[in-house]
Amino acid sequence: MHTILVVDDEPNIRLLYEKELKDAGYGVILACDAREALKVLEQGRPDLVVLDIKMPGMDGIEALGQILSRNNSIPVILNSAYSSYKESFLSWSADAYVIKSSDLSELKAKIKAILEARGRS
Amino acid sequence: VSVGRSDLSSGALAVGESLAAAGVGLFIASDAGRILWSNAAFDSAFGGSRSELLSDLLEGGWGTKGTGGSPWPRPGVERVVRVKGEPPRYFNLVTAPWPEGARLGILMDCTDRVLLDQEREERELYLACAAQDSADAFVSIDNDDLIRQWNDGARQMFGYSAEEVLGRRYDELLVPPELRSEGDLHRIDELMARDGFLRGHETVRMSKEGRQIPVEVTVTRFQDAQGRPAGRTVIYRDIGERHRLETALRKTVAELKEANHSIRRNQERLIALEKLSAIGEMSARVAHEIRTPLVTIGGFANTLLREIPSESPGRQYLEIIREEVRRLEMIVSEILEYVRPPRTDYEECDLNEILKRTQRPFEETMADYGIEPVWRLMEGLPRVKASGHQIHQVFTNLMQNAVQAMPGGGTLTVTTSTGPNHVLVSVADTGIGIPESEQARIFKPFFTTKPSGSGLGLAIASQIVVQHNGTISFRSAAGRGTTFEVRLPFTMEASQ
């Protein structure tokens with residue numbers, strides 16, 4: 001079973017993603033900010049990170065840099081209410097950029113595709 | 001006075017002395033000018049400097065020697081002679097025959113009159129020179145309106161030589177017929193009658209070739225020696241150059257005013273833009289804030305939909321929640337698209353390729369509705385410098401409109417071609433058309449005729465095209481369809 005680290009400052013989003021991803025058959029670890037996420041990454045080894053961008057403290061783009069500097073093999077999906085970060089070249093190093101939507105099928109499809117690709121390689 | 005005195009009769013002597021007392025000089029001279037006798041007045045006229053020859057006493061002699069004939073003036077003809085000495089003095093000389101070929105001469109002092117005449121002549125000469133050489137036209141007109149004097153300035157201004165105009169009516173030559181019938185001369189007459197003169201009257205006169213000359217007219221009356229009105233002197237000054245300068249000045253002033261207005265308009269536009277941009281920023285913030293709760297509302301609705309049994313009555317309410325949230329999310333996306341700052345990273349885009357890509361998501365719906373796509377893409381279409389993503393958005397919105405306008409089927413024709421400096425893309429449907437009453441508003445944000453539309457599709461399309469220095473237009477007929485035309489320049493500077 002793959003484990004997914006969800007990083008988001010919104011408790012309801014964390015709750016929704018936890019429920020949906022567990023139902024989809026993933027293990028889920030939650031972090032409410034970037035600092036906590038980095039801590040989780042030191043301890044365990046999730047297979048994929050779903051990373052919010054707009055968060056108090058360290059934002060998702062900076063967190064992405066930190067994550068990749070420690071472990072550049074872990075796939076990261078940026079997940080934001082904003083589309084503007086998509087054009088920032090800093091976000092290009094993420095494996096995918098999914099704009100937040102009530103329809104989680106795009107996010108789930110991206111997770112599945114990335115994990116499958118990793119599994120094959 | 002000794003010469004020939006003995007030859008005179010005592011009567012004549014008495015006359016001579018009587019005339020001398022009245023200041024009239026008398027003399028008798030031989031034909032060659034030798035003075036035979038003179039009276040006291042004659043002697044005193046020459047200050048006692050006696051000579052036996054008249055020619056020694058008179059400046060330039062007394063006669064017309066050298067031209068043949070007698071040097072004496074004809075008897076009875078008055079002649080002015082100048083007497084040698086300082087200051088010069090002038091005398092009227094009249095001669096009469098005297099026995100034995102001699103002459104009797106009578107001299108009367110006329111110095112004062114001669115000097116006065118000279119002074120007047122000089123003055124007139126100066127005046128004439130000034131008038132003659134002036135760039136202004138000096139024209140003298142007599143009581144019958146006939147031209148009596150015509151200076152060089154008049155010749156240059158009006159193109160007539162003096163010979164052509166002297167003795168002719170000035171009004172027929174110089175005053176344009178339409179002004180004559182309008183009573184221009186009558187007005188001048190009135191002013192002359194009121195003031196006795198006319199100064200700086202602006203009107204128009206006519207040259208020999210019929211050219212209209214804007215002039216300033218000054219008129220003064222003059223009188224003859226007896227003080228009777230003899231005519232008037234008219235001075236015309238060509239004010240064409242002044243008029244041109246005034247016109248140029250007025251034009252400059254108008255241009256400055258217009259520039260001023262334009263600055264003010266731009267200022268107002270900038271303020272409006274600033275306000276819009278503030279509204280845009282706020283809308284973007286609000287939209288982003290709304291998006292997160294929408295994700296959880298709709299997301300949990302989806303979760304519940306998956307979990308509750310399909311026959312449960314609450315299911316349809318959850319479906320409504322899900323659909324309404326999707327609609328809200330779409331509106332939020334469109335608002336964010338609308339308020340997005342313009343991109344400046346343009347790339348060379350092949351519009352044909354973007355059009356093909358745009359059509360793909362609609363293929364299924366088009367087949368369902370029975371819409372037949374017709375492609376008329378120009379081969380080798382010039383590339384356009386643009387944001388491919390945004391142009392894709394424009395075509396998507398246009399195709400979406402076209403498809404939605406033809407729920408009962410029809411033809412969607414997509415055409416590309418080129419104009420003088422732009423690429424033209426037209427998207428034509430054979431659908432319901434846009435009612436005339438709504439045509440003026442279709443590019444306005446939040447204007448929609450569809451139950452589920454956000455009213456931003458065409459507003460976004462128009463905004464993007466304008467940011468690309470292009471134009472978007474349409475023509476529509478109710479029941480026959482709508483054609484949208486997008487023109488994008490080949491080469492463009494990204495608008496900021």
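Chain A is the first sequence line, chain B the second, and so forth, proteins listed ahead of strands; every chain is numbered from 1. As the structure is a computational prediction, the values presented were derived from the model and not from experiment.
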Contacts of residues 294-305 of chain B with chain A (heavy atom under 4.5 Å): B/Leu294, B/Val295, B/Thr296, B/Gly298, B/Gly299, B/Phe300, B/Asn302, B/Thr303

Proximal to chain A - members of residues 308-322 of chain B, heavy-atom separation under 4.5 Å: none

Where the side chain of B/His422 meets the backbone of B/Thr418, is there a donor-acceptor pair that is under 3.5 Å apart? no

Report the distance from atom [atom1] of [X] to atom [atom2] of [Y], rounding to the nearest 0.5 Å.
X	Y	atom1	atom2	value
A/Ile74	A/Leu5	CD1	CG	7.0 Å
B/Glu329	A/Ile99	CD	CD1	11.0 Å
A/Asp52	A/Tyr82	CG	OH	10.0 Å
B/Thr396	B/Arg360	OG1	CZ	11.5 Å

Under 4.5 Å to a heavy atom of chain B? For A/Asp8 that would be neither

Listed partners of B/Glu348 passing side-chain hydrogen bond (donor to acceptor under 3.5 Å, both in side chains), at least two apart: none

Residues which pass side-chain hydrogen bond (donor to acceptor under 3.5 Å, both in side chains) with B/Glu353, listed by chain and number, not counting sequence neighbours: B/Arg357

B/Arg326 atom CZ, neighbour heavy-atom count above 12 within 6.0 Å: yes

A/Ala63 versus A/Ala34, closest heavy-atom pair with distance: CB-CB, 3.6 Å

Do you know which of A/Lys19, A/Lys54, A/Glu20, A/Lys100 has the most heavy-atom pairs under 4.5 Å to chain B? A/Glu20

Let me see the working for A/Ile111 and A/Tyr26 under side chain to side chain contact (heavy atoms under 4.5 Å, CB included), right down to the final yes or no. CA-CA 10 Å; A/Ile111 291 172; A/Tyr26 300 109; 3.7 Å; yes

